[in-house]
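Shown next, in structure tokens, is the structure this report addresses.
Quick note: numbers below take in every heavy atom, side chains included, and nothing from hydrogens, waters or symmetry partners. Quick note on labels: first sequence line is chain A, next is B, and so on, each numbered from 1.
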There are 2 protein chains.
Amino acid sequence: MKTRDQGSALRKAPHFAPLYRQVRALLVQRIARGRWRPGELIPSEIQIAAELGVSQGTVRKALDEMTVENLLVRQQGRGTFVAQHDEARILFQFFKIVPDAGEPVFPESDLRSCLEAPADAAEAGHLGVKTGAPAIRIARVRSLAGRPVISEYICVSAALFPGMAADGALPNNLYAYYADRYGVTIAGGRERIKALPAAPEDAALLGLPAAAPVLLIDRVATALDGAPVEWRRSYCATEACSYLSILR
Amino acid sequence: MKTRDQGSALRKAPHFAPLYRQVRALLVQRIARGRWRPGELIPSEIQIAAELGVSQGTVRKALDEMTVENLLVRQQGRGTFVAQHDEARILFQFFKIVPDAGEPVFPESDLRSCLEAPADAAEAGHLGVKTGAPAIRIARVRSLAGRPVISEYICVSAALFPGMAADGALPNNLYAYYADRYGVTIAGGRERIKALPAAPEDAALLGLPAAAPVLLIDRVATALDGAPVEWRRSYCATEACSYLSILR
DNA sequence: CAGTGGTCTAGACCACGTC
DNA sequence: ACGTGGTCTAGACCACTGT
């Protein structure tokens, strides 16, 4: 067994995909299926390596990739944990509106409505469901330092989140709610940003003059497997704050 | 020498910073100082390892990090190259405006002016120079598919780019020009985005009604060492295009 | 064919956190 | 003292690119 072998449990089929990617895929699947929940400690590198019959270095490479993708958090001396959607983390990963003066903070939310309705064509297209499939529509206003800054419209598939429309107490941090209550982890997304005149309703909610310029952030958020989960449109007043993007 | 030693050429001083980071820092410095130019092939892992007296694995870890940071491009069987600011690469890294319909394309540019002037307080603050220091101001209009879409104001330090104001033929791709002509590699940056009414001048340039909403993209771009190099404000008409941001 | 990066392994030591 | 992740090394084989 010294010099090469490679006939381990994994690594047999038409050997596309390197071993560490197969390990990674397996671990992602376990997280997605709830075997380990957000915040939980997963087995050590050595244990995983022994279980799968690969070397520690291969497991490490898989874990390193997942750490870069914000799926895991590693702590020397303690172990490796499944990433959580706590506010501090979400602040930079998903909430990029920062005040022009002062520190970034997580916004407060004021829920306006949460209703179930058949998905229209646009909603169905973004969520990857059939037109007319049951959907949940949420409207809320988010504030920074007590000032309303964002009017937000969110749509998800009711099939993925049964009973959510009836929940009278939707929390501020929705992504943590998706994860804790439904085992749906938001892992990434895509945002398209435009400038346009505020609709009358949004202008009123944000305390702006009619047709004042607002930032539209049109987001589709995706789960661990890349499937679309949420379509969100945020109309944002940017008098005293900005959307922050880091280039590298 | 078999079991541990670690007294190589590097790795002596108060051993903060792991070896592979020291290797990385050295290689970044060499690129920054022009020892290897963009597009050029750098020595193989084995050669670098031998030169520095470290193992191939350590060099590899340094090169891998630099590849993730878009400083290097690796090609199996060929070698490792210093990254270039070619249009295809810049398209996703620095130019995030994409048409709502059709493929992303690199914009054409129409230079309006390029003048040297003393930096005002705002310019000096963004560029890290003293107020009144010589600066170069560029104004241009950028178009997609023949339609003017962005009115852009750029400011750099004249000390970093001597003679640039006199160059009558500034190219479309400024970051490639900075690199080729002055050895200044733009490696990252930070953008703050707002929605606001277009100034009369910009509205005219973009063919918009007075005070129509435009996207302001306020960017500070930084060199390999993290020093600010360019301050750029792009006023963007987003009727038929959007700023695209990928979350992960 | 030789040379390059890509993958995988095995084992050593280090730094940190916990008991 | 023990277990965890973090670093470093050494060497094997694989896959690709050039000659």
For A:Asn70, check side-chain hydrogen bond (donor to acceptor under 3.5 Å, both in side chains) against everything at least two apart and list the hits.
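Partners of A:Asn70 under the side-chain hydrogen bond (donor to acceptor under 3.5 Å, both in side chains) test: none.
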
The criterion is side-chain hydrogen bond (donor to acceptor under 3.5 Å, both in side chains); which residues satisfy it with B:Tyr178, sequence neighbours excluded?
B:Glu230

Using a cut-off of strictly less than 4.0 Å, decide whether [X] has a side-chain nitrogen or oxygen near OP1 or OP2 of [N].
| X | N | value |
| --- | --- | --- |
| B:Tyr20 | D:dC8 | no |
| A:Thr58 | C:dT9 | yes |
| B:Lys61 | D:dT7 | yes |

DNA chain C contacts among residues 71-84 of chain A, heavy-atom distance under 4.0 Å
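Result for residues 71-84 of chain A: A:Gln76, A:Gly77, A:Arg78, sorted by number.
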
To the nearest Å, give me how far apart [atom1] ([X]) and [atom2] ([N]) are.
| X | N | atom1 | atom2 | result |
| --- | --- | --- | --- | --- |
| B:Gln47 | C:dT4 | CD | C1' | 10 Å |
| A:Ile46 | D:dG6 | CD1 | P | 13 Å |
| B:Gln56 | C:dG5 | CD | P | 8 Å |
| B:Leu63 | C:dG6 | CG | C1' | 13 Å |
| A:Ile42 | D:dG5 | CD1 | C1' | 11 Å |
| B:Asp64 | D:dG6 | CG | P | 16 Å |
| B:Arg60 | D:dA12 | CZ | C1' | 13 Å |
| A:Glu65 | C:dG6 | CD | C1' | 13 Å |

Counting side-chain heavy atoms from CB outward, which of C:dG5, D:dT4, D:dT7 is closest to B:Glu45?
C:dG5

Taking the minimum atom-to-atom distance to the side chain of B:Ser44, which one of C:dT7, C:dT4, D:dT9 wins?
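The answer is C:dT4.
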
Using a strict threshold of under 4.0 Å (side-chain N to carboxylate O), is an ion pair present between B:Glu69 and A:Arg248?
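Looking at A:Arg248 and B:Glu69, the cut-off is not met.
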
Qualifying residues under salt bridge (Lys or Arg N to Asp or Glu O under 4.0 Å), relative to A:Arg147, sequence neighbours excluded:
none

Side-chain (A:His126) to main-chain (A:Cys155) donor-acceptor, under 3.5 angstrom
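Looks like no, no N/O pair under 3.5 Å.
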
List for me each residue that meets ring-ring contact (aromatic ring centres under 6.0 Å, His included) alongside A:Phe95, sequence neighbours excluded, and say none if there are none.
none

What side-chain donor-acceptor pairs closer than 3.5 Å can you find for residues 72-81 of chain B, not counting sequence neighbours?
from: B:Arg74; atom 1: NH1; to: B:Asp64; atom 2: OD1; distance (Å): 2.7
from: B:Arg74; atom 1: NH2; to: B:Glu45; atom 2: OE2; distance (Å): 2.2

